[in-house]
Every structure is written in structure tokens, then in C-alpha cells.
Amino acid sequence: MLTQRIRRLLLPLALIVPLGAAAETDPDSGLVIAEGWETVKSTCTACHSGALVTQNAGTRNRWEYLIRWMQDTQGLWPLPPQTENTILDYLAEHYGPKEGARRPPLPPDMLPKNPYKKAADS
Ligand code: HEC
């Protein structure tokens with residue numbers, strides 16, 4: 001019957017569409033559109049492209065470390081705790097650690113001493 005044929009055609013579509021719709025992104029910044037994204041866009045694309053944000057991934061701690069680093073060295077202004085929380089929640093949720101990706105490089109103070117380094121280099 002016709003309705004049965006239509007159902008048979010629609011079922012696979014119903015399975016495919018939710019997957020495709022999972023990550024709607026803002027064409028401007030590339031950020032995933034989800035709770036808090038506008039705060040992230042207005043704060044985190046002021047100095048550099050959103051791509052610098054979206055191509056990175058990490059835990060909440062990692063993102064907080066990056067924000068502190070930008071505040072200490074790159075002129076990022078102090079963020080009100082509420083704003084920072086919104087940003088960290090968003091980043092940890094949508095740009096969390098990539099599975100199977102290489103770990104980030106160790107910070108210099110965690111590296112072993114380089115025995116080949118000459119005194120003049122340091
Ligand atoms: C005051 C300017 C400024 C603002 C605002 C800013 N950043 Fe940055 N950010 C920088 C600069 C400068 C760099 C270094 C760019 C480079 O290395 O080319 C950087 C680099 C980065 C990197 C790359 C770090 C790495 O390890 O290579 C990430 C990720 C990042 N920013 C995320 C953010 C996020 C998230 C926000 C919002 C909370 C933000 N930025 C807001 C200035 C800013």
C-alpha cells in the first residue's frame with residue numbers, strides 16, 4: 001500500500017536527520033550554536049578568529065589555563081566570574097578533549113633538564 005511505502009521511505013530519513021542536525025554552527029565564527037555561544041563569540045573572537053578556538057580541544061582545566069595564559073601574556077581582560085563560567089562550561093562541553101588525540105606538549109617547567117643545553121643558551 002502507498003502509506004506503507006511512504007513509511008518505508010521515511011524511516012531511514014528519520015534515523016539520518018538527527019545525526020546531521022547535531023552540530024549547527026555559526027557561519028561567522030564557526031562556533032557550535034548552543035547555550036553560551038554568544039558570550040564565547042563576543043569575548044573570544046575580539047582578538048583572533050574563532051577558528052583558533054574551534055581547532056583547539058581540552059578539559060575545563062585546559063581552557064582555564066589558556067584563559068589565564070592570555071590574561072597574563074596576551075592582554076585578555078579580567079572576565080567577570082559569571083561570564084568566565086559560561087565560557088568554560090561551553091568550551092568544556094563542546095570543545096572537550098579529543099579522543100585518541102595526542103596529549104598537548106608539556107609546559108616548559110615540567111620538562112626534564114636538557115643536558116645538552118649550553119649555559120649561553122639559557
Ligand atoms: C585580548 C585579545 C584576546 C582575547 C579577547 C582572546 N584571546 Fe585567545 N589568544 C590571543 C592571542 C594574542 C593569542 C596567540 C595567537 C597566536 O599565537 O597567533 C591567542 C591564542 C589563543 C588560542 C591558541 C592557544 C595555543 O595553544 O596555541 C586559543 C585556543 C585561544 N586563544 C582561545 C581564546 C578563548 C577561548 C578566548 C575567550 C575566552 C580568547 N582566546 C580571547 C588573544 C586573545
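Residues: numbered from 1 along the sequence shown. First listed ligand is number 1; within each ligand, the first listed atom is number 1.
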Inset, instruction - Check whether any side-chain heavy atom of Asp26 lies under 4.5 Å from a side-chain heavy atom of Lys41, and answer yes or no. - result: yes
Inset, instruction - Would you mind running through ligand 1 and noting each atom that sits below 4.0 Å from a heavy atom of Trp69? - result: 14 (C), 19 (C), 20 (C)
Inset, instruction - Give the single entry among Gln74, Lys41, His48 that approaches atom 19 (C) of ligand 1 most closely by any heavy atom. - result: His48
Inset, instruction - Could you tell me which atoms of ligand 1, counted from 1 in the order shown, lie closer than 4.0 angstrom to a heavy atom of Leu66? - result: 24 (C), 26 (O), 29 (C)
Legend entry - Residue among Ile87, Leu91, Leu88 satisfying side chain to side chain contact (heavy atoms under 4.5 Å, CB included) with Glu64: Leu88
Inset, instruction - Answer yes or no for atom 9 (N) of ligand 1: protein heavy atom present at a distance under 4.0 Å? - result: yes
Inset, instruction - Report yes or no: does Trp63 contribute a side-chain atom to a donor-acceptor pair with the main-chain N or O of Gly58 at less than 3.5 Å? - result: yes
Legend entry - Distance-only side-chain donor-acceptor flag, Asp89 / Thr86, under 3.5 Å: no
Inset, instruction - Would you mind reporting whether Thr43 and Leu79 have side-chain heavy atoms less than 4.5 Å apart? - result: yes
Legend entry - Ligand-side contact atoms (ligand 1) for residue partner Leu76, heavy atom cut-off under 4.0 Å: 1 (C), 4 (C), 5 (C)
Legend entry - Nearest option to atom 28 (C) of ligand 1, as decided by whichever heavy atom of Thr73, Leu52, Thr83, Leu31 sits closest: Leu52
Legend entry - Within reach of ligand 1, part of Asn56 (heavy-atom separation under 4.0 Å): side chain
Inset, instruction - Kindly confirm whether atom 8 (Fe) of ligand 1 is within less than 2.8 Å of some N/O/S atom in Met70? - result: yes
Inset, instruction - Start with the C-alpha gap between Glu93 and Arg60, add the side-chain angles, then the distance that decides, and say whether salt bridge (charged side-chain N to carboxylate O under 4.0 Å, His left out) holds. - result: CA-CA 8 Å; Glu93 167 88 21; Arg60 196 185 162 91; over 6 Å; no
Inset, instruction - Indicate, with yes or no, if Trp69 and Leu106 share a hydrophobic cluster defined by side-chain heavy-atom contacts under 4.5 Å among Ile, Leu, Val, Met, Phe, Trp and Tyr. - result: no
Inset, instruction - Report, in ascending order of atom number, the atoms of ligand 1 lying under 4.0 Å from any heavy atom of Thr43. - result: 5 (C), 41 (C)
Inset, instruction - Please tell me if the side chains of Tyr90 and Asn85 come closer than 4.5 Å, counting only heavy atoms from C-beta onward. - result: no
Legend entry - Atom indices of ligand 1, in the order listed, that fall short of 4.0 Å to a heavy atom of Gly75: 1 (C)
Legend entry - Shortest reach to atom 37 (C) of ligand 1 by a heavy atom, considering only Ser49, Gly50, Cys44: Cys44
Inset, instruction - Look at Cys47 and state whether any of its N, O or S atoms is less than 2.8 Å from atom 8 (Fe) of ligand 1. - result: no
Legend entry - Value rounded to 0.5 Å, distance of OH in Tyr65 from CE in Met70: 11.0 Å
Legend entry - Numbered atoms and elements of ligand 1 in range of Leu91, under 4.0 angstrom, heavy atoms: 35 (C)
Legend entry - Approximate separation, where rounding is to 0.5 Å, of Ile67 CD1 and Cys44 SG: 6.0 Å
Inset, instruction - Taking atom 17 (O) of ligand 1 as the reference point, report whether a protein heavy atom occurs under 4.0 Å from it. - result: no
Inset, instruction - Please work out whether any backbone atom (N, CA, C, O) or any side-chain heavy atom from C-beta onward of Val40 is under 4.0 Å from ligand 1, and answer side chain, backbone, both or neither. - result: neither
